[in-house]
Amino acid sequence: MAELRLGPLLRYTDGSCATVWVETDRPCTAEVRCADGARGTARSFRIAGHHYALVPVGGLTPGTATEYEVLLDGTGVWPPPDSRFPPSVIATPGDDDGMRVAFGSCRWAAPPSGGKGRVGPDALDTLSARVAADPGGARPDVLLLLGDQVYADEISDATREWIAGRRDVTAGPGDQVADYEEYTRLYYESWLDPEVRWLLSTVPSCMIFDDHDVIDDWNTSAAWLADMRATDWWQERVLSGLMSYWVYQQLGNLSPDELAADPLYTTVREASDGTDALREFAARADADPASVRWSYRRDFGRTRLLMVDSRAARVLAEDRRTMLDPGEAAWLREQVMEGRGDGDGDGDGGRNGGSGSSSDGDSDGAYDHLLIGTSLPWLLPHLVHDVEAWNAAMCGGERGTRWARIGERIRRGADLEHWSAFPTSFDALGDLIADAGTGPGAPATVSVLSGDVHHAYVAEPSWPGRTPDARVAQLTCSPVHNSVPLSIRLGFRFGWSAPARALGRRIARHGRCAPPAVSWRRTGGPWFGNQIMTLTLRGRSARLRLEQAHANRDGTNALRTVTDRELT
């Protein structure tokens, strides 16, 4: 009898359909049955000895929440008979419903080997407990996980012991993951957490990778990539990382229509074993990042979400260094401007295997709120921004080869690879945001949602000579569950200060850096702790809430509100 190894994860939802992802222990037919009669089935597919199914569920009624169960070859496997959680449900938005969008990044399932200070309660676990305690109450309509869902380079003691039992950890990548099988272990460790497992079964999720999903500072520079490719273990590591990301995260980001049009998904499902086809795809994605799109679009009624790949889509050559390759940048502008009278929004832009646009909102493409999800913040503390811009100039040869060598060492050592380390892309994103937020039909808000930097804050930009009609904000929330050393706290607090801004300007002058095309100010934070942000969007109003996980004296954990404010 087939058994459920991982899942179910409720992934895509719209007014009438959904997808549910599962991993099973053997080939089988997975079925989802809803209490209202909606259902769906899918035959499992095989990757590297593991079996998966992504079940499309049709016939759902807009504006309802229906309980569901999962069956494998006709036998019920979810919910477990001894579950302490309420039944999992598929909730579909109605035409007039508002949206609650919760987001965050950087989650250790367990602290890594050696420990890295106090970690504290897990914000996702704590959110799950609150939703479970009041299943009929307010809950997120979608959960955005903005990178570092797993840590391939910072593994727990238990995972290290397991890896040491299957290979020599003194060779290759050592006590980091090496291949697909070891990546699967990371997902088991993270998603079998009972609270997280139930939360992901009942709240739809959208995901995008960041560096730790593959390796710290992934694609920092051309020199970094050359050094990695010179090792005897990197090729297997990166291909396995991309393969596992496609299976565990990317598939669920896509709509049923996109899945039906995806040639890779068709090939994998129809093959007796899809490993070779997926591996060939991953090899192509690694060799020619511009051939694959990991970014995607979701429309939730009058809210448009664009999840942007700010890791694999980079152009790393120093003389034309950009965060997004030209095709990716063109795709982003098309999706932003569709319905604004500019850009045809044709979606895929010639790539396959990734994702284009899915219009499960209004057919005219207009929106009241634009969410741009990018794992790396666009607007950083001013000192950090100026140091990254200076470093990009040094590495680009602005002060000669000696400074270029020094700059590369500093770039890797200090993780200087955010949007501000790609000045052309930083300015281009600012121009696009200003264009999107200005003129007739402008949305009420444009929000850049990010994580990565292990603290939370709100920053608001302004443009010389123009004032967008939309309220624009950088909303950064990290970590969900990770350590925040004192050095990080002190560094980021200082980074926002007036003396730091003055220091940053002096550093930028040494690099002969042009002033950025946008200025900004911090309007909230910095806040430190395990935390999650929620945007509540209704009509043209938007409200932001940040909550942190705290331990109570009775041993329970709770989310406490740190800030609650209107954005419009």
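Residue numbers count from 1 along this sequence. Keep in mind the model is a prediction, meaning the values are calculated, not measured. We use all heavy atoms of the structure for the numbers below, so side chains are in, but hydrogens, waters and symmetry mates are not.
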Requested in this report: Determine, using ring centers only, whether F281 and W294 are less than 6.0 Å apart.
Outcome: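 Ring-ring flag for W294/F281: true, centres closer than 6.0 Å.
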
Query - Centroid-centroid under 6.0 Å between Y68 and W78 rings - result: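 So the answer is no for these two rings.
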
Classify the side-chain pair [X]/[Y] by whether it contains a donor and acceptor separated by less than 3.5 Å.
X: Y245; Y: Y183; result: no
X: D257; Y: S255; result: no
X: Y296; Y: Q250; result: no
X: R139; Y: T202; result: yes
X: T24; Y: R5; result: no

Report task. Dump the intermediate steps for salt bridge (charged side-chain N to carboxylate O under 4.0 Å, His left out) on R166 and E181, then the final yes or no. Result -> CA-CA 10 Å; R166 69 186 300 265; E181 185 65 28; 5.6 Å; no

Query raised in the report: Would you call R167-E182 a salt bridge at under 4.0 Å N-O?
Result: yes

**Report entry** Sidechain N-carboxylate O distance under 4.0 Å for R311, D309
**Finding:**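 Salt bridge absent between R311 and D309.
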
Report summary line: side chain to side chain contact (heavy atoms under 4.5 Å, CB included) with S295: of V308, I208, T374, only one passes, and it is V308

State whether the side chain of [X] and the backbone N or O of [Y] hold a donor-acceptor pair below 3.5 Å, judged by distance alone.
X: T556; Y: N552; answer: no
X: R237; Y: A178; answer: no
X: H369; Y: G539; answer: yes
X: R269; Y: R43; answer: no

Report task. Determine the interplanar angle of the Y248 and Y52 rings, folded into 0 to 90°, and report it as parallel if under 30°, tilted if 30 to 60°, perpendicular if over 60°. Result ->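 Judged by the thresholds at 30° and 60°, the geometry between Y248 and Y52 is perpendicular.
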
Set of residues satisfying salt bridge (Lys or Arg N to Asp or Glu O under 4.0 Å) with respect to [X], sequence neighbours excluded:
X: R39; value: E31
X: R279; value: E236
X: D25; value: none

Query - side chain to side chain donor-acceptor pair (under 3.5 Å) assessment of R545 paired with T563 - result: CA-CA 6 Å; R545 181 172 62 183; T563 187; over 6 Å; no

Report summary line: Between Q149 and the options Q249, R107, H212, the side-chain hydrogen bond (donor to acceptor under 3.5 Å, both in side chains) test singles out Q249

Query - side-chain hydrogen bond (donor to acceptor under 3.5 Å, both in side chains) partner of Q531, the single match among H455, E547, Q548 - result: Q548

Once you round to the nearest 0.5 Å, how far does [atom1] of [X] lie from [atom2] of [Y]?
X: L251; Y: L9; atom1: CG; atom2: CG; answer: 12.0 Å
X: C106; Y: D210; atom1: SG; atom2: CG; answer: 7.0 Å
X: L259; Y: Y12; atom1: CG; atom2: OH; answer: 10.0 Å
X: R185; Y: S244; atom1: CZ; atom2: OG; answer: 15.0 Å

Requested in this report: Find out whether S478 and D452 are in side-chain contact, i.e. whether some heavy atom of one side chain is under 4.5 Å from a heavy atom of the other.
Outcome: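 Not in contact.
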
Requested in this report: Check the pair R84 / E195 against salt bridge (charged side-chain N to carboxylate O under 4.0 Å, His left out), numbers first and verdict last.
Outcome: CA-CA 10 Å; R84 57 186 171 88; E195 284 77 15; 2.8 Å; yes

Report task. Could you walk me through whether L143 and I532 pass the side chain to side chain contact (heavy atoms under 4.5 Å, CB included) test, one step at a time? Result -> CA-CA 10 Å; L143 176 63; I532 196 152; 4.0 Å; yes

